Amino acid sequence: MTIAKVIVDVPASSINQTFDYIIPERFQDILQPGMRVIVPFGPRKIMGYVVARVSESSFNRLKEIIDILDLTPILTPELLDLGKWLAEKTLSLYITAFQAMLPQVLKANYKKELERLTDAPLSEKLEIFFAGRDFASYEELENGGVSFYHVQKAIQAGDIAVHYLVKSRVTKKYTTFLKPARDGHLLEEALQDMSNKAKKQQEILAFFIEHPEEIELNSVIKQFETTRSVINALLNKGFLTLLKKEVYRNPYDDDQFEQTNPLELTEQQQAAIEPVKQHIKDNVHDVFLLHGVTGSGKTEIYLQAIQDVIDKGEEAIVLVPEISLTPQMVRRFKGRFGSNVAVMHSALSHGERYDEWRRIHRKEVQVVVGARSAVFAPFENLGIIIIDEEHENSYKQEDSPRYHARDVAIQRGEYHRCPVILGSATPALESYARAQKGVYKLSTLTKRTNEKAMPEVNIVDMRDELHAGNRSMFSRSLKDNIAKRISRGEQVVLLLNRRGYSTFVMCRECGHVQECPHCDIALTFHKHSNQLKCHYCAYEEPMPMDCPSCSSDLIRFFGTGTQRIEEALTQLIPEARVLRMDVDTTRRKGAHEKLLNQFAEKQADILLGTQMIAKGLDFENVTLVGVLTADSMLNLPDFRSSEKTFQLLTQVSGRAGRHDLPGEVIVQTYTPEHYSIELAGHYNFLQFYQQEMQVRKQFQYPPYVYLALITVSHQNHVKAVQSTQKIVKSLWKHVQQDTVILGPTPSPISRIKDRYRYQCMVKYKQEPGLRTLLSKIIRQFDDDVRKDDLQISVDMQPYQLM
DNA sequence: AGCACGCCGACT
DNA sequence: GTCGGCGTGCTC
């Protein structure tokens, strides 16, 4: 076993295979599959993942591994297999799959360096460039005015050499600790001899005689209300010493979470958890779909199931949509399991995320709560995987590898023979259909734990408002109700469903809409900077004073942003204190939590926000939830638009009246008769499911068929169409009779960053060879991809059809 | 992807 | 002869 099979860090389809390397003698005993290594690759050095050790290679001129980057494997055998599976399943590269399973900081950084090898004079420019140094970084060449040709010559002459460096991005955090420098009895003596004036020094020394262990310097200073000078005195006298120790960045102060105990389960909860507990006990895999209305106590079921897993000495993964959005969720898990929980989500810094990952890797925790990528947590004895709000779109990764966390979770659940729980008040249609077929086990929680009824939903037809002469964003009923609640000291949540809406700029005179010159999409108006920005590229321009097309000064922005609603709201109800929550106000780290805390402390009457306020928030004083534009999503070119509308409305309704005060929901819409709105108003999931399934059947959409979406882009319009056409034709030749291929059609956003985008959709029921076929077809475009900058992407489970 | 190598054409 | 711009093929 002296040869290693390595997946190298080169994201190109022609390199998507293992490369063999000799394991040098000095690494024989330490190198294991799953470790990162540095290997020579052509003239350079690059990082790679060892996937296996073998004793023979069909290749006869093997190079040696240069170095090992990890002390222990960072990918377990299971994760190595999972990466392979993932890449093949999603038609992505092995290296991309592996990188997606690990924290960012484990990716390699490449640098080039020039070394001067001779004392003999170099060319004039190179002398200036080196300026007496022996080493210089390669990037400096650009500004140094040295031509690459000169460098080349000098290299060939042996005067200078290029070094390829593989650098780690890992940064570790160190903290200074204090500890006694001598034995206890020596310190005792020193204490006796110490001047009586040095009170602080005495105190501290006495403390260390009692507690001879290492303590953080800062905490000593704080505890004794002293300064560094006192410590320095003790250091100089040689009684204490400093040492630097690596510490984890802990994004959460574990002491701040109040310990909670298991709650008594209701009969329904008991019935739901029983089979799960049995599966945990017997090591049996199954997928449980836990369909429970808001407030039915799904989280308590998760917590108690996890307790069983912990007691058994196994580990648990809990996925939540975007955890920064649900600090309350973190609190519940940390409250129950304390520091046995690692938290992984996008709001953490790279360093924090790496530290949390290492706590998992070193088995210092048994539970991880995190967003999508936490499904790859390097546990080796998984006892359960839970996906909360399983219908959420954020479980689907929208760039390569385009995977759905649900599929990965099930794959891992099968491997570990452990249950997977999918929980939701509004399950994805696909999931519910599988539960109906018996593929998943269905548990239903119909009752709320507090026995309270769901808040009443009133649907307001905004067309009536228009007829009555009310042209504002607020119906009379919503306005009156807000005022009423505020006067009673209660709070209101307002949701602006902005998807599909944006603040674009249009000329009232000629109808001209200002668009991005590089993308086929209207620019969005940003008030604070008075700029028009493109959401798909970096383009921005100042808001024009008059219409670029007809020079009229009647150019205005249209659409409704939260800022405008806020203004309208303060005009309408001047006494209302409004808290606005959107991408603009939550961009800063921790801003999200701060806003929610302000609202919880009743520093505001109204919380106004986009989708992000719909999830998992729980404020006892909120008695009214208003949805300003319920139907704004319905007209999007997306077969899931009804489902998404239903889910959003149901979810946001659950925010009202969760405690003692009865709640009410007001939904404003122009299409009150649409079944997704009407049925959400009655909390009737089952009927929605049945009705939507009929629609899906009629138009042949999932779950009746599977989809694959191929997107082709190129600077040249014709090239993009023709390439897509070729793909479509090749597909036709080989697919089953009942498979449908749509396209080429322009993507919903037909141009991004000056590239034209065309797509082709495959709808199929049974197509076992589709992945192989697709990769074969794409390989035929390898030349165009490399030389002509053609881009082809395949999504085997498209969620966003853009 | 990134790099070397080799061919070609322009410039002094 | 000197220098820079591509196109091509290879990477264990």
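All values reported here derive from a predicted model rather than from experimental measurement. Every chain is numbered from 1, with letters handed out A, B, ... down the list of sequences.
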Closest-nucleotide ordering on DNA chain B, the 5'-leading residue of A:Val162 and A:Ile15: A:Ile15
Proximity to DNA chain C (any heavy atom under 4.0 Å), residues of residues 54-70 of chain A only: A:Phe59, A:Arg61, A:Leu62, A:Lys63
A:Lys45 NZ to B:dC3 P, straight-line distance once rounded to whole Å: 13 Å
Protein-to-nucleotide contact annotation, 5' to 3' order, nucleotides 5-11 of chain B [B base; S sugar-phosphate only; - none; under 4.0 Å, heavy atom]: -------
Nearest-Å distance for atom pair NZ/C1', residues A:Lys5 and C:dC12: 9 Å
Residues in contact with DNA chain B, drawn from residues 779-794 of chain A - heavy-atom cutoff 4.0 Å: A:Arg786
Parallel, tilted or perpendicular, as decided by the 30° and 60° cut-offs, for the rings of A:Tyr756 and A:His717: parallel
Between C1' of C:dT11 and CD1 of A:Ile46, the distance in whole Å: 8 Å
Sugar-phosphate, base or nothing in reach of A:Ile22, heavy atoms under 4.0 Å: nothing
Salt bridge present between A:Arg133 and A:Glu140 (N-O < 4.0 angstrom): yes
Of residues 33-44 of chain A, the positions that come close to DNA chain B - non-hydrogen atoms, cut-off under 4.0 Å: A:Pro43, A:Arg44
A:Tyr149 OH - C:dC6 C1' separation (whole Å): 16 Å
Ion pair A:Asp789/A:Arg755, N-O distance below 4.0 Å: yes
Contact list for DNA chain C against residues 106-117 of chain A - heavy-atom distance below 4.0 Å: none
Aromatic A:Tyr164 / basic A:Lys111 pairing, under 6.0 angstrom, 45° off normal: no
Salt bridge present between A:Glu380 and A:Lys363 (N-O < 4.0 angstrom): yes
A:Thr90 side chain reached by A:Met796 side chain, heavy atoms, under 4.5 Å: no
Test: A:Arg116 and A:Asp134 ion pair at under 4.0 Å: no
Residues A:Glu246 and A:Lys173 bridged, charged N to O under 4.0 Å: no
Lys/Arg N to Asp/Glu carboxylate O, A:Asp407 vs A:Lys89, below 4.0 Å: no
Whole-Å distance separating the NZ atom of A:Lys153 from the P atom of C:dG4: 11 Å
Interatomic distance, A:Phe19 CZ vs C:dC12 P [rounded to whole Å]: 7 Å
Straight-line distance of A:Asp20 CG to A:Glu56 CD, nearest 0.5 Å: 11.0 Å
Parallel, tilted or perpendicular: ring planes of A:Phe376 versus A:Tyr403, cut at 30 and 60 degrees: perpendicular
Pair A:Asp784 + A:Lys787, salt bridge at N-O below 4.0 Å: no
Between A:Glu356 and A:Tyr354, a side-chain donor and acceptor under 3.5 Å: no
Got a list of side-chain donor-acceptor pairs under 3.5 Å for residues 72-79 of chain A, not counting sequence neighbours?
| from | atom 1 | to | atom 2 | distance (Å) |
| --- | --- | --- | --- | --- |
| A:Thr76 | OG1 | A:Leu79 | N | 3.1 |
| A:Glu78 | OE1 | A:Arg412 | NH2 | 3.0 |
| A:Glu78 | OE1 | A:His416 | NE2 | 2.9 |
| A:Glu78 | OE2 | A:Arg412 | NE | 3.0 |
| A:Glu78 | OE2 | A:His416 | NE2 | 3.3 |

Integer-rounded Å distance: B:dG2 C1' and A:Asp9 CG: 12 Å
A:Glu430 and A:Arg640 ion-paired at < 4.0 Å: yes
Phosphate OP1/OP2 of C:dC12: any A:Tyr21 side-chain N/O under 4.0 Å: yes
Among A:Tyr94, A:Phe59, A:Phe41, A:Tyr49, ring-ring contact (aromatic ring centres under 6.0 Å, His included) partner for A:Phe19: A:Phe41
